[in-house]
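Indexing begins at 1, ligand by ligand and atom by atom, following the structure's order.
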Amino acid sequence: MQSITLALAKGRPAKSTIDLLEKTGIHFKDFHEKSRKLVFYNDDRTIKLIFVKAIDVPTYVDKGAADIGIVGKDNILESQADVYELLDLGIGKCKFAVAGKEEQALEQSRHLTIATKYPNIAKKHFDKKGQSIEVVKLNGSVELAPLIGMADYIVDIVETGNTLKENGLTVLEDIEQISTRLIVNKASFATKSAEVQQLISQLKSALE
Ligand code: PRP
């Protein structure tokens with residue numbers, strides 16, 4: 001068997017993903033989601049886990065630095081990486097939505113300013129509707145933008161809805177359901193087919 005490199009996204013779903021891998025018998029001894037360590041090995045060292053920023057996971061996989069990635073669909077869509085998406089782990093379920101002030105309806109015809117951490121997803125969504133937008137790219141706390149007049153609306157992830165609610169915002173339009181997915185480098189899918197398939201079938205059994 002060849003060894004495989006697995007890129008795991010830091011963030012909310014990391015712990016649940018590690019728990020799922022444990023269920024399949026894959027154990028990373030020193031792993032802790034708060035650890036500053038970036039590389040971990042399973043017990044028989046057949047899997048090298050690299051623990052990286054979620055938005056970078058699709059890039060590691062696309063470039064072949066990792067054979068497999070486990071990351072949210074949000075980051076897969078935003079990165080536009082050329083990878084195979086082979087399994088939905090059902091972890092970290094949430095959605096992309098357009099949100100704005102509670103008293104405001106979503107204007108469907110005029111040019112809009114949209115604040116978001118996800119410019120590609122925002123552009124694609126409004127392109128499909130034939131509506132032109134200007135994107136204000138932020139790296140966090142996007143909910144602030146409509147409150148201070150920096151943008152008309154936001155495109156962001158909504159999980160519990162608490163962040164929107166606490167800032168007097170609401171969902172005006174759903175875009176897409178998202179969850180944690182397993183992605184595979186296209187070359188690795190051919191050259192490490194047995195290893196990739198084995199991991200996928202172990203995860204599928206653990207999910208049942
Ligand atoms: C994400 C997202 C929302 C929030 C949604 O932000 O961008 O702000 O979570 O979650 P909720 O619906 O459960 O409230 P994150 O926690 O990653 O922090 P950030 O704003 O600093 O990016």
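For ligand 1, the 4.0 Å heavy-atom shell contains residues Arg12, Lys117, Gly140, Ser141, Glu143, Asp156, Ile157, Val158, Glu159, Thr160, Gly161, Asn162, Thr163.
By the neighbour-count criterion of 12 heavy atoms within 6.0 Å, atom NZ of Lys93 is sparsely surrounded, having that number or fewer from other residues, nucleotides or ligands. For NZ of Lys186, the number of neighbouring non-hydrogen atoms (other residues, nucleotides, ligands) closer than 6.0 Å is greater than 12.
Annotation: side chain of Lys95 is not in contact with side chain of Glu159 (no heavy-atom distance under 4.5 Å).
Sorted by first and then second residue, the pairs that involve residues 172-208 and meet ring pair (Phe, Tyr, Trp, His ring centres under 6.0 Å), not counting sequence neighbours, are Tyr84-Phe189.
Applying the under-4.5 Å side-chain rule to Ile, Leu, Val, Met, Phe, Trp and Tyr, the cluster around Tyr118 extends to Leu77, Phe96, Val98, Leu106, Leu112, Ile114, Ile121, Phe126, Ile133, Val135, Tyr153, Val155, Ile157, Leu172, Ile175, Ile178.
Every residue was checked against the side-chain hydrogen bond (donor to acceptor under 3.5 Å, both in side chains) condition with Lys204, not counting sequence neighbours, and none meets it.
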